[in-house]
Colleague: 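Take a look at the following structure, please.
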There are 2 protein chains.
Amino acid sequence: MGEPTEPGPDAAAGRGRAALIEDGVEFDGRDAALLRAVDAAGSVAGAAAALGRSRARALSRIEALEDAYGTLVERRRGGEGGGGSRLAASGRNLLDRYDRLQAVLAATAAVPETVLDGTVTAVDGELAAVDTAVGELSGLHGGSGGGEADDPGVDRERVAVGDAVQVRIGADAVTVNDAASAVDPDATSARNRLDGRVSAIDSGETVSTVRIAVRAGDGGDADVEVAALITAESVERLGLAPGDPVSIRWKATATRLVAHAE
Amino acid sequence: MGEPTEPGPDAAAGRGRAALIEDGVEFDGRDAALLRAVDAAGSVAGAAAALGRSRARALSRIEALEDAYGTLVERRRGGEGGGGSRLAASGRNLLDRYDRLQAVLAATAAVPETVLDGTVTAVDGELAAVDTAVGELSGLHGGSGGGEADDPGVDRERVAVGDAVQVRIGADAVTVNDAASAVDPDATSARNRLDGRVSAIDSGETVSTVRIAVRAGDGGDADVEVAALITAESVERLGLAPGDPVSIRWKATATRLVAHAE
DNA sequence: CGCCGTTGTATCGACATAGATACAACGGTG
DNA sequence: CACCGTTGTATCTATGTCGATACAACGGCG
């Protein structure tokens, strides 16, 4: 218990693919490309040609999507140019939704995460407290809406006291504060707080990954490293350098608990 | 430009499905269920039977996965009980990775987000500044790794000055501070900061969604509402009530820019 | 040595999905 | 009224995936 999993750039590595689901119909990148092509070509026929796909199939695919998502494409036959199709407003919204989902997925692949093993000590609604090597942390469990249609196995929505879980802390959610000028803990909504020392700074073009070594309070374990994504400007402004004592802070609502396999 | 998109609980709604991708091979919920069943049954044959799937197919699927992800299942034939299979450590890691991805996806579906339309005013590496109705915000663009295998259309990785984009702010990344005790801006790495007034509080069991109305500086537009996920305890501690002036703050690295579809 | 249940491997058919093709319907335009 | 390119609709075929089935190889155990 409380064994820290090595954080690292590859902890969240792995590209992914995401799809929206409504009424059992998946909207994936292929569908997004189709809608975009319709928008660009002004007709389903032109879109199918541009994508090298069958026109009849493209049309029936759009109809299948519309059965689940509502009107996506306004089609008109006959008339000027023989007719044509335009993206409906709701179709554009769906594309935006997909793009944002894609952006989130790309971010989780690109953003380092810190993963700590721990055991649940208390559950209060959507929130749970977890005992880890660096002390007690609190985070959200279950997406309360992320039910899996194709994962009828164990329900991994809820956790219970005593469960072994992984605590996932996205590096983009961790705020680094100067240890000296401690912020009044009552003036902010950020709840999880740890003190540590900067152990390494990975400088990117404009964004740096700062690794903070936190003393493992439990037993004589090695230090746990927590990653934080910080703009290079902030690194400069805070004058961060390896060895500096800092205080890190992140919101419980940005912390996810995942039921650990085993 | 600067038109605020209505934030709301359904802004990020929509269930999703995610899959890891390596070497063009997708690892999805079905594969995760298979690996979990192998772990539980101790044999591929037993797992296939438990899932009602073909044993031969299950085995060949595992082989296909192992071609891309490395050894996942340690298989042994002959011997006690005729042989059997165990999940390899790397297989367990892959399952954990998938579960975390799934948790992130479920979270994005459950967590409200605020979406603002804007135009890019400056690009500096992975970071970009965007002009919106509530002033200039900075955020990350592109996942630099979220390339889509099935989306060969426009490259939506990079943005350029002048591009219309959507700024996505996850409610779980927004920190609420008491307006009175302003935090020293130089002591923290959080970069985006806005002042506003609490307009509504959606109290959940232990987590509340606080909506903060921010005056649209640009023109006479209506106020923009930004959502923040806060633990109920923090709401209590800060003594938040509708009408209260607050200061909100979130990290540029937790802000995503999405190229807007026209 | 034979039994047993498993891992390997190969083959066949069912099924779903996609492309290919053909043709009717539509409604501005010349 | 004929022309045109599009939307609808139907049908056939190719392809890939999955289940079903069959059989050889393996190795501990009685």
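First the proteins, then the strands, lettered A, B, ... as listed; each starts at 1.
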Colleague: Run the salt-bridge test on A:Glu113 and A:Arg256 with the 4.0 Å N-O cut-off and return the result as yes or no.
Modeller: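 Salt bridge between A:Glu113 and A:Arg256, a charged N being under 4.0 Å from a carboxylate O: no.
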Colleague: Restricting both atoms to N or O, compile the protein contacts to nucleotides 10-15 of chain D shorter than 3.5 Å, with distance only.
Modeller:
none

Colleague: What is the distance, rounded to the nearest whole Å, between atom CG of B:Leu59 and atom P of D:dT17?
Modeller: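 Whole-Å distance recorded here is 17 Å.
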Colleague: Got a sec? Which of residues 45-53 of chain A come in under 4.0 Å of DNA chain D, heavy atoms?
Modeller: A:Ala45
Colleague: Taking the side chain as every heavy atom from C-beta outward, state whether B:Leu105 and A:Val104 have any pair of such atoms under 4.5 Å apart.
Modeller: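 Side-chain contact under 4.5 Å: no.
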Colleague: Donor-acceptor check, side chain of B:Asp23 to backbone of B:Val25, threshold 3.5 angstrom: yes or no?
Modeller: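 Checking the backbone N and O of B:Val25 against the side chain of B:Asp23, no donor-acceptor pair under 3.5 Å is found.
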Colleague: The test is side chain to side chain contact (heavy atoms under 4.5 Å, CB included); show your working for A:Leu257 and A:Val167 and say whether it passes.
Modeller: CA-CA 5 Å; A:Leu257 305 183; A:Val167 182; 3.7 Å; yes
Colleague: Kindly indicate whether the side chain of B:Val130, heavy atoms from C-beta on, has any atom under 4.5 Å from the side chain of B:Thr119.
Modeller: no
Colleague: Do the side chains of B:Leu34 and B:Arg53 get nearer than 4.5 Å, heavy atoms only?
Modeller: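 Contact flag for B:Arg53/B:Leu34 side chains = yes.
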Colleague: Is any side-chain heavy atom of B:His141 closer than 4.5 Å to one of B:Val120?
Modeller: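 No, every pair of side-chain atoms sits at 4.5 Å or beyond.
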Colleague: For DNA chain C, determine which residues of residues 77-85 of chain A have any heavy atom closer than 4.0 angstrom to one of its atoms, and list them numerically.
Modeller: A:Arg77, A:Gly78, A:Gly79, A:Glu80
Colleague: Is any side-chain heavy atom of B:Leu140 closer than 4.5 Å to a side-chain heavy atom of A:Val207?
Modeller: yes
Colleague: Which two nucleotides bound the region of DNA chain C that has atoms under 4.0 Å from heavy atoms of chain B, read 5' to 3'?
Modeller: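 The footprint of chain B covers C:dG5 to C:dA10.
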Colleague: Between B:Arg55 and A:Ala58, name the one whose nearest nucleotide on DNA chain C is closer to the 5' end.
Modeller: B:Arg55
Colleague: Are side-chain heavy atoms of B:Leu35 and B:Tyr98 found at a separation under 4.5 Å?
Modeller: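 The answer is no; the side chains never approach within 4.5 Å.
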Colleague: So, are A:Asp96 and B:Arg168 salt-bridged, with charged N and O less than 4.0 Å apart?
Modeller: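 Looking at A:Asp96 and B:Arg168, the cut-off is not met.
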Colleague: With each end axis built from five pairs of C1' atoms, what bend angle do you get for the helix from C:dC1-D:dG30 to C:dG30-D:dC1? Round to 10°.
Modeller: 10°
Colleague: Expressed in angstrom and rounded to an integer, what is the separation of B:Arg61 atom CZ from D:dG19 atom C1'?
Modeller: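 Going from CZ in B:Arg61 over to C1' in D:dG19 covers 16 Å.
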Colleague: Need one value for B:Arg76: base, sugar-phosphate or nothing, where a base atom within 4.0 Å counts as base even if backbone is also close, heavy atoms only.
Modeller: sugar-phosphate
Colleague: Between A:Asp31 and A:Asp28 (side chain of the first, backbone of the second, donor and acceptor by atom type, cut-off under 3.5 Å), is there such a pair?
Modeller: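 Answer holds: yes.
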Colleague: Pairs in or reaching into residues 74-89 of chain B: which pass side-chain hydrogen bond (donor to acceptor under 3.5 Å, both in side chains), with residues at least two apart or in two chains?
Modeller: B:Glu66-B:Arg75, B:Glu74-B:Arg86
Colleague: B:Thr132 pairs by side chain to side chain contact (heavy atoms under 4.5 Å, CB included) with which of B:Asp117, B:Leu137, B:Val165?
Modeller: B:Leu137
Colleague: Report yes or no: does A:Lys251 contribute a side-chain atom to a donor-acceptor pair with the main-chain N or O of B:Val174 at less than 3.5 Å?
Modeller: yes
Colleague: Just to verify, which of A:Leu59, A:Ile62, A:Leu65, A:Asp39 counts as forming a side chain to side chain contact (heavy atoms under 4.5 Å, CB included) with A:Val73?
Modeller: A:Ile62
